[in-house]
Novice: 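Take a look at the following structure, please.
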Amino acid sequence: MKFPKGFLWGGATAANQVEGGWNLGGKGPSVADVATFKPNVDVKDYSKNVAISIAAINEALNAEDKTYYPKMRGIDQYHHYKEDLALFAEMGFKVLRISIAWTRLYPTGEEEEPNMEGVHFYEDIFQEMKRLNIEPLVTLSHYEMPLHLATSYNGWYDRRVIDCFVRFAKTCFTYFGKYVKLWLNFNEVDSIIRHSFTTAGIIPELCTERDFLSCCYQAAHHQFVAGALATKALREIVPDAKMGLMVTKLTAYPLTCKPEDVYATLRRNLENLEFADVQVFGEYPRLMLRRLEKENRLPVIVDGDLDLIKKYTVDFVSFSYYMSLAESVDPNAERTPGNTVLGVKNPYLKANEWGWQIDPEGLRTSLVELYDRYKKPLFIVENGLGMKDVLEDDYTVHDSYRVDYFRSHFEAMARAINDGVDLMGYTSWAPIDLISASTNQMSKRYGFIYVDQDDLGNGTLKRYRKDSFYWYKKVIETNGEDLD
Ligand code: BG6
């Protein structure tokens, strides 16, 4: 096992899944706040869990009882952040990935000046991290855009949202730039076509000018322009900082070596990466443009957009990796869910309760593929195992399955590094139990730290160290040498 000296070990969270305090400190509602927990979670069809309508949004905002809107409460990190940071420091974290809730700084997204209470909240967090020697890695946009921009403009479909985002990004760089040198623009930028409301505030019934998918690609184009402008601003305001992109790595294998299966797999993998390609190479892949042209879904591109995208590309490539899938042209091939996708079941892999197939070697494959393709430093900013953990009577949690998951993935990372991949660091998803992005469950737990809260918000919110907590601490202490 050899991880480079100074390898950044840590964990990753997102504001909308941990903070709570959805209407405190001057914060406005975000798209995440109206996400509904449905008790009969459909693990096979995530789109049912993330479906949205104007009526559902109004119902969420007007509901007196907010039980079914778990992201409004998160794990109440708004009030517990010092305790949580201390636990991360106890594990020896070198880095912590968090996101900034856009609506804490700009409650509707359209204000000219930021809400200073929100600014101070994050300043406190960064000062505390500095004191604890934990380097921040910050995502600007992680599924939490202002709800007002979604309902008024159909989110990123409208070009005016670019200016709102750039104003927000500049505020972040101005106030937090002295603490934060590693930034990510859009979490899982490719997810815009899978859950477009959470990612980009697009509401299907507002897509009246063009079909829904065309609106998504238009919104993606606006995010590319905004991302380029944010990188430009970062270089001006915090010249020693770096900007990264973030993509969901949904590695697929051909189910058989039948040439048609191989081709279908190739296209699936290329489509997964095209959103990253634009931000690394500074141009749209020709195959993507050709496909969109044939489907009559090309986005409207304004003069100057392509120059910006070309000029302000990213410095590093980050990604999430949880599972892999197979692909086949056989319509009867057995399917299984993955991270907000449905794919073909791989007979060689086991899966968790949500159908996500566990594949450490796929992480090595992904690292080698991404590094060879982009030739930029890589950062694994999400990887982990969602399970229903049991808190024992003595407040312990025996999660050896999680240790097994991480161990096998760390071994795969070490093999990829040995293959020649330049890997900056690793942040597990998530170091502490939080609200699931796709199912809004609390009971889908990822953490090294157990949070006493159930799906309906009952519980003490007390934090307990799981067995994996002590194991990860040792991994960090030995820089990945001791994985026993
Ligand atoms: C990633 C997201 O796709 O997967 C996170 O960036 C999310 O926000 C994570 O929580 C795990 O997915 P889920 O649906 O199990 O929470």
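Every value quoted in this text rests on a predicted model; they were computed, and no experiment measured them. Whatever order the structure lists them in is the order used to number ligands and atoms, beginning at 1.
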Novice: Look at atom 3 (O) of ligand 1 and say which protein heavy atom is nearest, naming residue and atom and giving the distance to 0.1 Å.
Specialist: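 Closest protein heavy atom to atom 3 (O) of ligand 1: E188 OE1, 2.5 Å.
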Novice: Checking D372 side chain against E369 main chain: does a donor-acceptor pair fall under 3.5 Å?
Specialist: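 Absent.
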Novice: Report, in ascending order of atom number, the atoms of ligand 1 lying under 4.0 Å from any heavy atom of K444.
Specialist: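 With K444 as reference, the close atoms of ligand 1 come out as 13 (P), 15 (O).
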Novice: What do we get for Y46 next to ligand 1 when only non-hydrogen atoms under 4.0 Å count, side chain, backbone, both or neither?
Specialist: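 Neither; nothing of Y46 gets under 4.0 Å from ligand 1.
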Novice: Below 4.0 angstrom from a heavy atom of A437, which ligand 1 atoms are there? Numbered from 1 as shown, please.
Specialist: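 By the 4.0 Å cutoff, the relevant atoms are 7 (C), 8 (O), 10 (O), 13 (P), 14 (O), 16 (O).
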Novice: With respect to T439, determine whether any N or O atom, backbone or side chain, lies less than 3.5 Å from an N or O atom of ligand 1.
Specialist: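 The answer is no, given that T439 and ligand 1 share no N or O pair closer than 3.5 Å.
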Novice: Quick one: which of Y426, F316, F319 gives a side chain to side chain contact (heavy atoms under 4.5 Å, CB included) with F379?
Specialist: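 Of Y426, F316, F319, side chain to side chain contact (heavy atoms under 4.5 Å, CB included) with F379 is met by F316 alone.
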Novice: When you compare the side chains of W429 and Q17, does any donor N or O come within less than 3.5 Å of an acceptor on the partner?
Specialist: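 No pair is found: no donor N or O on one side chain lies under 3.5 Å from an acceptor on the other.
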Novice: Hey, are R445 and S436 close enough side-chain-wise for a donor-acceptor pair under 3.5 Å?
Specialist: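 There is no such pair (donor and acceptor under 3.5 Å, judged by atom type) between the side chains of S436 and R445.
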Novice: Can you pull out the closest protein heavy atom to atom 10 (O) of ligand 1? Residue, atom name and distance to 0.1 Å, please.
Specialist: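 For atom 10 (O) of ligand 1, the nearest protein heavy atom comes out as Q17 NE2, 2.8 Å.
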Novice: Not counting sequence neighbours, which residues clear side chain to side chain contact (heavy atoms under 4.5 Å, CB included) with P204? List them please.
Specialist: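 Side chain to side chain contact (heavy atoms under 4.5 Å, CB included) list for P204, sorted by chain: I52, F212.
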Novice: Within a distance under 4.0 Å of any heavy atom of Y446, pick out the atoms of ligand 1 and give their elements.
Specialist: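 That gives atoms 11 (C), 12 (O), 13 (P), 15 (O) of ligand 1.
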Novice: Among all protein heavy atoms, pick out the one at the shortest distance from atom 9 (C) of ligand 1; state its residue, atom name and that distance to 0.1 Å.
Specialist: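 For this ligand atom, the closest protein heavy atom is Y322 OH, 3.2 Å.
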Novice: Please determine, by modelled atom types, if N346 and Q357 share a side-chain donor-acceptor pair under 3.5 angstrom.
Specialist: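 On atom types as modelled, these side chains do not qualify, holding no pair under 3.5 Å.
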Novice: Does the side chain of T251 come under 3.5 Å of the side chain of S366 through a donor N or O and an acceptor N or O?
Specialist: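 There is such a pair between these side chains.
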Novice: Of the protein's non-hydrogen atoms, which lies at the shortest distance from atom 1 (C) of ligand 1, and what is that distance?
Specialist: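 Checking every protein heavy atom, the shortest distance to atom 1 (C) of ligand 1 gives E382 OE1, 2.8 Å.
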Novice: Touching ligand 1 at all, Q441? Heavy atoms, strictly under 4.0 Å?
Specialist: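 Contact absent.
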Novice: What I want to check is whether the side chains of Y253 and D359 have a donor and an acceptor closer together than 3.5 Å.
Specialist: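 On atom types as modelled, these side chains qualify, holding a pair under 3.5 Å.
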Novice: Between the side chains of T103 and E144, does any donor sit under 3.5 Å from an acceptor?
Specialist: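 Checked: T103/E144 side chains show no N/O donor-acceptor pair below 3.5 Å.
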Novice: Specify the protein heavy atom at minimum distance from atom 14 (O) of ligand 1: its residue, its atom name, and the distance to 0.1 Å.
Specialist: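 Nearest protein contact, heavy atoms only, for atom 14 (O) of ligand 1 is S438 OG, 2.5 Å.
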Novice: Could you list which atoms of ligand 1 come closer than 4.0 Å to a heavy atom of S436?
Specialist: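 Every atom of ligand 1 under 4.0 Å from some heavy atom of S436: 13 (P), 14 (O), 15 (O), 16 (O).
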Novice: Mark yes or no: R104 above the aromatic ring of F121, with NZ or CZ under 6.0 Å from the six-membered ring centre and no more than 45 degrees from the axis.
Specialist: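 The answer is yes, since R104 meets both limits relative to F121.
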Novice: What part of W354, side chain, backbone, both or neither, has a heavy atom within less than 4.0 angstrom of ligand 1?
Specialist: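 None of W354 does.
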Novice: Counting from 1, what ligand 1 atoms have a heavy atom of W356 closer than 4.0 Å?
Specialist: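 Those of ligand 1 that fall under 4.0 Å from W356 are 12 (O), 15 (O).
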Novice: Does any N or O of ligand 1 fall below 3.5 Å from an N or O anywhere on W429, backbone included?
Specialist: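 N/O-N/O distance under 3.5 Å: yes.
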Novice: Looking at ligand 1, would N339 count as a contact under a 4.0 Å heavy-atom criterion?
Specialist: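 Right, N339 reaches ligand 1.
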Novice: For ligand 1, is any non-hydrogen atom under 4.0 Å from N187's backbone (N, CA, C, O), its side chain (CB onward), both, or neither?
Specialist: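 The answer is the side chain.
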Novice: Is R291 salt-bridged to E274, going by a charged N under 4.0 Å from an acidic O?
Specialist: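 A salt bridge is present here (some side-chain N lies under 4.0 Å from a carboxylate O).
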